[in-house]
Amino acid sequence: MAPHASFADFLDADDAVNLRCLRAAYPEINTLEKSADGSQWLVFADGRRVLYSEPRVSHERGEDDPFSVDVRASMADIYPLEPYRPPTPPGVSPGRRRSYALLAALYGKDCRDVSRGLCTVLLLGRSVRLACAAAQALEKVGPALAAAARDTPSLAALLNPSGGFMWRNIAGEKRLSPHAFGIALDLSPNFAPYWRWCKQNQHAIVTPHSLQQKYPVAIVEAFEARGFIWGGKWHEYDIMHFEYRPELVCKARVRRWSLPEELPGLDNAGNIE
Ligand SMILES: [Zn+2]
């Protein structure tokens with residue numbers, strides 16, 4: 001078999017940022033290889049391969065679920081970091097497109113597999129079960145949330161952890177929830193709704209929710225600083241939902257700072273070391 005091309009030979013600038021952020025976020029990813037058919041593959045340290053991009057753009061295939069995509073497409077929308085909250089027209093839900101092959105490779109392919117890699121962390125006095133990397137990141141979010149609640153006691157109503165790992169589908173969808181991989185937790189669902197719960201959205205035309213703009217910056221910032229994205233920035237909003245996607249936070253930081261292609265070292269939240 002012909003040797004695979006080195007990734008430096010075929011990466012464009014956006015792919016280079018993606019790969020840099022994927023490796024910073026997930027150290028078990030080694031490199032990217034191109035196959036003879038033009039598809040590109042992430043290669044893990046143990047030799048496993050995950051599809052990074054297909055030769056053709058996956059959304060051209062009309063029958064596919066647009067929210068289940070390859071890794072490159074999952075990183076195409078730039079997630080806006082706090083305090084920036086642009087309007088979220090239909091189709092703008094950065095982070096809501098996911099590569100299920102990557103999630104399975106990182107966290108496990110079924111409930112038993114994922115369960116073996118879970119850790120329990122205390123957040124504001126409640127225990128939350130997440131994949132260990134996400135749990136370690138969440139542990140560092142806690143003090144920032146506690147400080148925010150001390151400064152503004154009214155925030156406490158929004159800071160009630162209610163769900164981490166759970167092997168289930170996304171409500172109203174046929175695909176797995178990020179909660180099934182142990183990378184998401186919900187805060188105060190009684191105050192911070194999911195779009196399908198709101199009466200005005202019953203025909204699947206989503207009316208923006210006032211909390212998408214009003215939700216406290218201090219809470220969202222505390223999570224983003226540790227590699228979590230917030231579902232309030234999605235068109236199909238999920239205001240209670242925080243999800244560990246350090247590769248997206250990394251890319252958002254790179255884009256915000258217009259860093260050159262040759263990046264200095266990044267930690268897993270995209271901070272320059
Ligand atoms: Zn959730």
Side-chain angles (χ1 to χ4, degrees), residues 14 17-18 20-21 24-25 74-98 123-124 134 137-162 178 183-195 198 206-259 263-264 266-273:
D14 196 54
V17 171
N18 287 351
R20 190 70 191 241
C21 284
S74 76
M75 297 181 75
D77 291 335
I78 305 297
Y79 176 82
L81 292 169
E82 286 296 279
Y84 188 46
R85 294 188 194 167
T88 56
V92 178
S93 295
R96 197 161 171 258
R97 292 186 173 83
R98 304 178 182 92
L123 182 71
L124 304 166
L138 184 63
E139 204 162 18
K140 295 178 185 149
V141 177
L145 293 180
R150 272 196 304 275
D151 289 349
T152 314
S154 61
L155 295 192
L158 288 171
L159 291 174
N160 193 5
S162 87
I183 58 167
L185 74 153
D186 296 327
L187 291 184
S188 300
N190 47 331
F191 291 112
Y194 174 57
W195 71 277
C198 297
V206 185
T207 306
H209 193 285
S210 61
L211 265 183
Q212 288 180 275
Q213 294 302 324
K214 288 189 196 148
Y215 196 87
V217 171
I219 299 177
V220 182
E221 244 172 19
F223 278 96
E224 289 176 353
R226 300 299 175 181
F228 289 81
I229 61 169
W230 175 48
K233 292 182 178 177
W234 300 341
H235 178 70
E236 294 93 349
Y237 57 79
D238 191 352
I239 295 170
M240 74 192 85
H241 181 88
F242 292 88
E243 180 173 334
Y244 185 62
R245 299 288 293 283
E247 78 281 21
L248 299 183
V249 173
C250 169
K251 187 173 184 181
R253 289 177 192 276
V254 170
R255 285 287 180 252
R256 171 183 277 187
W257 295 338
S258 302
L259 295 176
L263 301 173
L266 296 168
D267 70 12
N268 69 1
N271 297 302
I272 294 181
E273 288 167 339

Chemist: For L187 versus A192, what's the shortest heavy-atom pair and its separation?
Modeler: O-CB, 3.9 Å
Chemist: Any Lys/Arg nitrogen of K251 or D14 sitting under 4.0 Å from an Asp/Glu carboxylate oxygen of the other?
Modeler: yes
Chemist: Distance check, rounded to the nearest 0.5 Å: Y79 atom OH versus L248 atom CG?
Modeler: 9.0 Å
Chemist: With rounding to the nearest 0.5 Å, note down the distance linking NE2 in H241 to CG in D186.
Modeler: 6.5 Å
Chemist: What closest approach, in Å, do Y237 and P193 show between heavy atoms, and which atom pair accounts for it?
Modeler: CD1-O, 3.8 Å
Chemist: Return yes if some donor-acceptor pair links the side-chain N/O of T88 with the main-chain N/O of K233 below 3.5 Å, else return no.
Modeler: no
Chemist: Would you check if R245 and V249 make a side-chain contact, meaning some heavy-atom pair closer than 4.5 Å?
Modeler: no
Chemist: So which heavy atom on G142 is nearest to which on L123, and how close?
Modeler: CA-CD1, 3.6 Å
Chemist: Output yes when a side-chain donor or acceptor of R85 lies under 3.5 Å from a complementary backbone atom of Y215, and no otherwise.
Modeler: yes
Chemist: Taking the inter-plane angle between the rings of F242 and F223 on a 0 to 90° scale, is it parallel (under 30°), tilted (30 to 60°) or perpendicular (over 60°)?
Modeler: parallel
Chemist: In the structure I gave you, are the side-chain heavy atoms of Y244 and L138 within less than 4.5 Å of one another anywhere?
Modeler: no
Chemist: Whether the side chain of E243 engages the backbone of A184 through a donor-acceptor N/O pair (distance < 3.5 Å, no angle test) should be reported.
Modeler: no
Chemist: Find the distance between CG (L185) and CE (M240) and round it off to the nearest 0.5 Å.
Modeler: 11.0 Å
Chemist: Measuring from I219:CD1 to L158:CG, what's the distance to the nearest 0.5 Å?
Modeler: 5.0 Å
Chemist: Output the distance between atom CG (L211) and atom CD1 (I239), rounded to the nearest 0.5 Å.
Modeler: 5.0 Å
Chemist: Sequence neighbours excluded, which residues qualify as side chain to side chain contact (heavy atoms under 4.5 Å, CB included) partners of E221?
Modeler: E82, V217
Chemist: Which residues satisfy the side chain to side chain contact (heavy atoms under 4.5 Å, CB included) test with S93, sequence neighbours excluded?
Modeler: R96, W234, H235, E236
Chemist: Evaluate the side-chain proximity of P208 to P87: yes if any heavy-atom separation is below 4.5 Å, no if none is.
Modeler: no
Chemist: Measure the spacing between CG of L155 and OG of S188 and express it to the nearest 0.5 Å.
Modeler: 10.5 Å
